[in-house]
2 protein chains.
Amino acid sequence: MLTSVDPDVIRVLGDPLRLKIVTLLARETLCTTHLVEETGAKQTNLSNHMKVLREAGIVETEPCGRFTYYKLKPEVLAGLSEQFAELAASARTAAENKRACP
Amino acid sequence: MLTSVDPDVIRVLGDPLRLKIVTLLARETLCTTHLVEETGAKQTNLSNHMKVLREAGIVETEPCGRFTYYKLKPEVLAGLSEQFAELAASARTAAENKRACP
DNA sequence: CTCTCACATCACTATCTGCTGATACCAGCA
DNA sequence: TGCTGGTATCAGCAGATAGTGATGTGAGAG
């Protein structure tokens, strides 16, 4: 089945800074301070983006004393991967399915 | 290797209407008239989105008389799928890689 | 040739979105 | 209990973006 991908998750990942955050978090679990160092972005800006990522269900927070650790939810990325794979597979056969000119 | 995904392609796919177009094109090759029928969007609006999709390298155009057929480039979607799969795989091991609090 | 139709481009507007500084909140430490 | 440092929230602004109507272009049909 061609389960249409959720536009919201993709839109959230479409921002360059957020995608960088996700790439960093794919390597290790980090807290905001680390992300500030790695990305060079302001803390406020990062906090906003982390909120967006959290509300999109892409990351989870894990308080650790005064720090907040962020970890990726791999199943979300895996789901995206699968849905894009389905789209790609379907697209390969779509070349012959040309609807007649109206 | 953790090849970072291209934010531009993802951002382009993040728009609901564009994602719907891509989903439709994954099923069959269509021209603008068909897309207007299927999506209910104005022709001008669709033309704008098709331009964005074309410039992002996601679709190809194929003139057919007065009509313009759009077809997906499956390799782009397949590439996305692969990159998200890599991110997901890396994220699964990242839970243990917790950097120490600063 | 002229008209029609499919599509692209232009100009404009309303809205959204990312970034920032100021500030509030909250946990641990002295 | 007051202080400090890490994080979240708020308000505001500038730039980006989606949508729309008017218009241009180009290929076929009559």
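A, B, ... follow the sequence lines: proteins, then strands. Residue 1 opens every chain.
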Could you pull out the closest heavy-atom pair between Ala41(A) and Asn45(A), with the gap in Å?
CB-ND2, 4.2 Å

Can you check whether Ala26(B)'s main-chain N or O pairs, donor with acceptor, with Ser90(A)'s side chain at less than 3.5 Å?
yes

Count the heavy atoms belonging to other residues, nucleotides or ligands that lie under 6.0 Å from CD of Glu28(B), then report whether that count exceeds 12.
yes

Sugar-phosphate, base or nothing in reach of Thr44(B), heavy atoms under 4.0 Å
base

Nucleotide N/O to protein N/O under 3.5 Å, stretch nucleotides 3-5 of chain D:
unit_1 : atom_1 : unit_2   : atom_2 : d
dG5(D) : O4'    : Arg66(A) : NH1    : 3.4

What's the shortest heavy-atom distance between Leu13(B) and Leu80(B), and which atoms?
CD1-CD1, 3.5 Å

Have a look at Ser47(A) and say if it touches a base, only the backbone sugar-phosphate, or nothing, with a 4.0 Å heavy-atom cut-off.
base

Please give, in whole Å, the distance from dC19(C) P to Met50(A) CE?
14 Å

Ranking Cys64(A) and Gln43(A) by the position along DNA chain C of their nearest nucleotide, the one closer to 5' is Gln43(A)

Below 4.0 angstrom from OP1 or OP2 of dA8(C), is there any side-chain N or O of Tyr70(B)?
yes

Test item: side-chain donor near acceptor, Arg18(B) and His49(B), under 3.5 Å:
yes

For Lys51(A) and dC19(C), give me the distance from atom NZ to atom C1', rounded to whole Å.
15 Å

Quick check: do Lys20(B) and Thr23(B) have side-chain heavy atoms less than 4.5 Å from each other?
no

Rounded to whole angstrom units, what separation is found between the CG atom of Asp8(A) and the C1' atom of dC16(C)?
14 Å

According to a strict under-4.0 Å criterion, is Thr33(B) in side-chain N/O contact with OP1 or OP2 of dC7(C)?
yes

For the pair made of CD in Glu62(A) and C1' in dG6(D), what is the distance, rounded to whole Å?
16 Å

Heavy-atom closest pair (Val9(B) atom, Ala56(B) atom, distance to 0.1 Å) is CG2-O, 4.2 Å

To the nearest angstrom, the CG-P distance between Asn48(B) and dA11(C) comes to 13 Å

Restricting both atoms to N or O, compile the protein contacts to nucleotides 16-18 of chain D shorter than 3.5 Å, with distance only.
unit_1  : atom_1 : unit_2   : atom_2 : d
dT17(D) : OP1    : Arg11(B) : NH1    : 3.3
dA18(D) : OP1    : Arg18(B) : NH1    : 3.2
dA18(D) : OP1    : Arg18(B) : NH2    : 2.6

Ion pair Glu38(B)/Arg99(A), N-O distance below 4.0 Å:
yes

Return the value, rounded to whole Å, for the distance between atom CG of Leu19(A) and atom C1' of dT17(C).
17 Å

How many Å lie between CD1 on Ile21(A) and P on dT7(D), as a whole number?
13 Å

The single option from Lys73(B), Arg54(B), Lys71(B) passing salt bridge (Lys or Arg N to Asp or Glu O under 4.0 Å) against Glu62(B)
Lys71(B)

Nearest whole Å is fine: how far is dC7(C) C1' from Leu35(B) CG?
12 Å

Determine: side-chain N/O of Lys42(A) to OP1/OP2 of dG21(C), distance under 4.0 Å, yes or no.
yes

